[in-house]
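The figures that follow rest on heavy atoms only: side chains count, while hydrogens, waters and symmetry mates do not. This chain uses plain numbering: 1 for the first residue, then up along the sequence. Order of listing sets the numbers, starting from 1, for every ligand and every atom in it.
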Amino acid sequence: MTIRNIVILTGAGISAESGLATFRGPDGLWEGHRVEDVATPEAFRHDPALVHAFYDARRERLGTVEPNAAHAALALLDAEWPGELLLVTQNVDDLHERAGSKRLIHMHGELTSGWCLACDERFSWEGPMAPQTVRPEPVEGLSLSSSEMQAFDKLRPNGSVNVCPSCRAIGHVRPDIVWFGEMPYEMERIDDAIRGCDLFVSIGTSGAVYPAAGFVQIARYCGARTLEINLEPSIGSTSFDESRIGKAGELVPVWVAEVLGRNAAI
Ligand code: APR
């Protein structure tokens with residue numbers, strides 16, 4: 001079978017060796033937080049401060065980690081593969097693009113993106129998003145001059161950092177993350193690519209969440225070869241033609257070398 005068109009699905013496991021927590025592993029994100037408290041639209045309506053705190057902490061952590069050998073190998077494959085290639089990630093971190101991947105879709109959104117519910121614009125976002133009031137409290141004997149207060153207000157109207165860069169609305173920006181119960185992004189493009197691929201590869205995902213967990217079935221149904229690379233067999237492991245069990249940082253460079261017809265690991 002000649003491999004020409006490849007679709008790769010990644011999950012939290014590919015970023016584990018960079019120091020980012022997975023969701024369902026020991027010390028996973030869902031160990032310390034209840035999904036329904038931080039990853040649903042209802043949770044955001046009910047307690048936006050808690051939800052912002054969860055994503056602000058993850059956004060801050062992102063600034064302290066780097067892509068690993070698995071991200072780098074996939075970026076090289078992207079640069080060198082002559083056929084169709086689409087990297088679909090469930091991850092909201094930016095390690096794939098920081099490693100150089102271009103043909104990439106974030107189906108669950110991105111930590112480095114904000115979405116204004118007032119004007120419906122999306123835009124890149126750095127730093128905290130929680131609309132904390134940081135206006136200085138009056139201090140006995142210390143009064144900020146009106147020009148200082150004005151300068152301060154210009155920086156942070158009404159003390160908030162949560163200001164839409166597009167419509168200037170305050171407090172309406174939410175993390176641009178696909179929460180449970182919401183539709184993942186670019187599903188049509190993803191579905192087309194899976195139905196047209198010769199090889200479907202799943203890396204570092206438990207197969208616990210749909211629609212991503214069902215991609216292997218569609219790929220098989222459409223005649224593609226299927227490969228899983230994971231630390232342990234995933235929930236849908238038996239659906240794959242081949243399963244390679246181990247760390248992504250070690251196995252993905254070897255696999256990429258094979259695909260590119262190289263002898264040694266990338
Ligand atoms: N190398 C390869 N695989 C690894 C590694 C590693 N170094 N470390 C962990 N894994 C594997 C685990 O064995 C597990 O099967 O990665 C998988 C991570 O699974 P989850 O924590 O469930 O994460 P993921 O599959 O990405 O979750 C899917 O669920 O919570 C939602 O929206 C969230 O995108 C996420 C989706």
Side-chain angles (χ1 to χ4, degrees), residues 8-44 51 54-55 57-59 61-62 65-74 87-96 99 104-113 115 174-187 190 200-216 227-240 242-256 265-266:
I8 302 163
L9 173 70
T10 63
I14 200 168
S15 296
E17 290 157 75
S18 293
L20 292 181
T22 63
F23 291 93
R24 294 171 187 83
D27 309 329
L29 288 165
W30 296 152
E31 292 302 307
H33 301 84
R34 290 181 338 131
V35 165
E36 49 277 25
D37 291 345
V38 292
T40 65
E42 297 74 28
F44 188 63
V51 173
F54 176 68
Y55 289 100
R58 292 179 64 194
R59 198 173 301 109
R61 177 105 183 90
L62 198 49
V65 300
E66 295 298 330
N68 61 53
H71 298 108
L74 293 183
L87 175 54
V88 179
T89 188
Q90 299 169 85
N91 300 344
V92 295
D93 65 55
D94 61 352
L95 298 181
H96 279 305
L104 169 68
I105 290 178
H106 280 271
M107 70 179 289
H108 291 166
E110 299 171 64
L111 274 172
T112 53
S113 177
W115 175 18
R174 62 161 266 187
D176 185 14
I177 305 282
V178 176
W179 286 326
F180 287 90
E182 296 183 324
M183 195 59 191
Y185 295 151
E186 306 238 36
M187 281 308 295
I190 295 171
F200 174 77
V201 183
S202 170
I203 303 170
T205 183
S206 60
V209 172
Y210 282 77
F215 290 170
V216 61
L227 165 67
E228 163 183 74
I229 299 176
N230 214 49
L231 196 60
E232 61 201 334
S234 69
I235 294 168
S237 202
T238 51
S239 304
F240 289 87
E242 185 187 355
S243 278
R244 298 186 187 183
I245 302 302
K247 289 188 169 183
E250 291 158 16
L251 296 184
V252 173
V254 172
W255 171 69
V256 168
I266 299 291

Test item: side-chain donor near acceptor, Glu228 and Ser202, under 3.5 Å: no

Polar contact flag, side-chain donor to acceptor under 3.5 angstrom, Asp93-Ser15: yes

Close side-chain approach of Thr10 and Thr205, heavy atoms under 4.5 Å: no

Spacing of Leu104 atom CG and Glu186 atom CD [to the nearest 0.5 Å]: 10.0 Å

Asn91 side-chain N/O to Gly11 backbone N/O, donor-acceptor pair under 3.5 Å: yes

Output block, N or O contacts of ligand 1, threshold 3.5 Å exclusive:
| residue | atom | partner | partner atom | Å |
| --- | --- | --- | --- | --- |
| ligand 1 | 1 (N) | Ala248 | N | 2.9 |
| ligand 1 | 3 (N) | Leu231 | N | 3.1 |
| ligand 1 | 7 (N) | Glu17 | OE2 | 2.8 |
| ligand 1 | 13 (O) | Glu232 | OE2 | 2.6 |
| ligand 1 | 15 (O) | Asn230 | ND2 | 2.9 |
| ligand 1 | 16 (O) | Gly204 | O | 3.4 |
| ligand 1 | 19 (O) | Ser206 | N | 3.4 |
| ligand 1 | 21 (O) | Phe23 | N | 2.8 |
| ligand 1 | 21 (O) | Arg24 | N | 2.8 |
| ligand 1 | 22 (O) | Arg24 | NH1 | 2.6 |
| ligand 1 | 22 (O) | Ser206 | OG | 2.6 |
| ligand 1 | 25 (O) | Thr205 | OG1 | 2.6 |
| ligand 1 | 25 (O) | Ser206 | N | 2.9 |
| ligand 1 | 25 (O) | Ser206 | OG | 3.3 |
| ligand 1 | 26 (O) | Ala12 | N | 2.8 |
| ligand 1 | 27 (O) | Arg24 | NH1 | 3.0 |
| ligand 1 | 29 (O) | Arg24 | NH1 | 3.2 |
| ligand 1 | 29 (O) | Arg24 | NH2 | 3.0 |
| ligand 1 | 30 (O) | Arg24 | NH2 | 3.1 |
| ligand 1 | 30 (O) | Trp30 | NE1 | 2.8 |
| ligand 1 | 32 (O) | His108 | ND1 | 3.4 |
| ligand 1 | 34 (O) | Gln90 | O | 3.3 |
| ligand 1 | 34 (O) | His108 | ND1 | 2.9 |

His96: partners by ring pair (Phe, Tyr, Trp, His ring centres under 6.0 Å), with sequence neighbours left out: His71

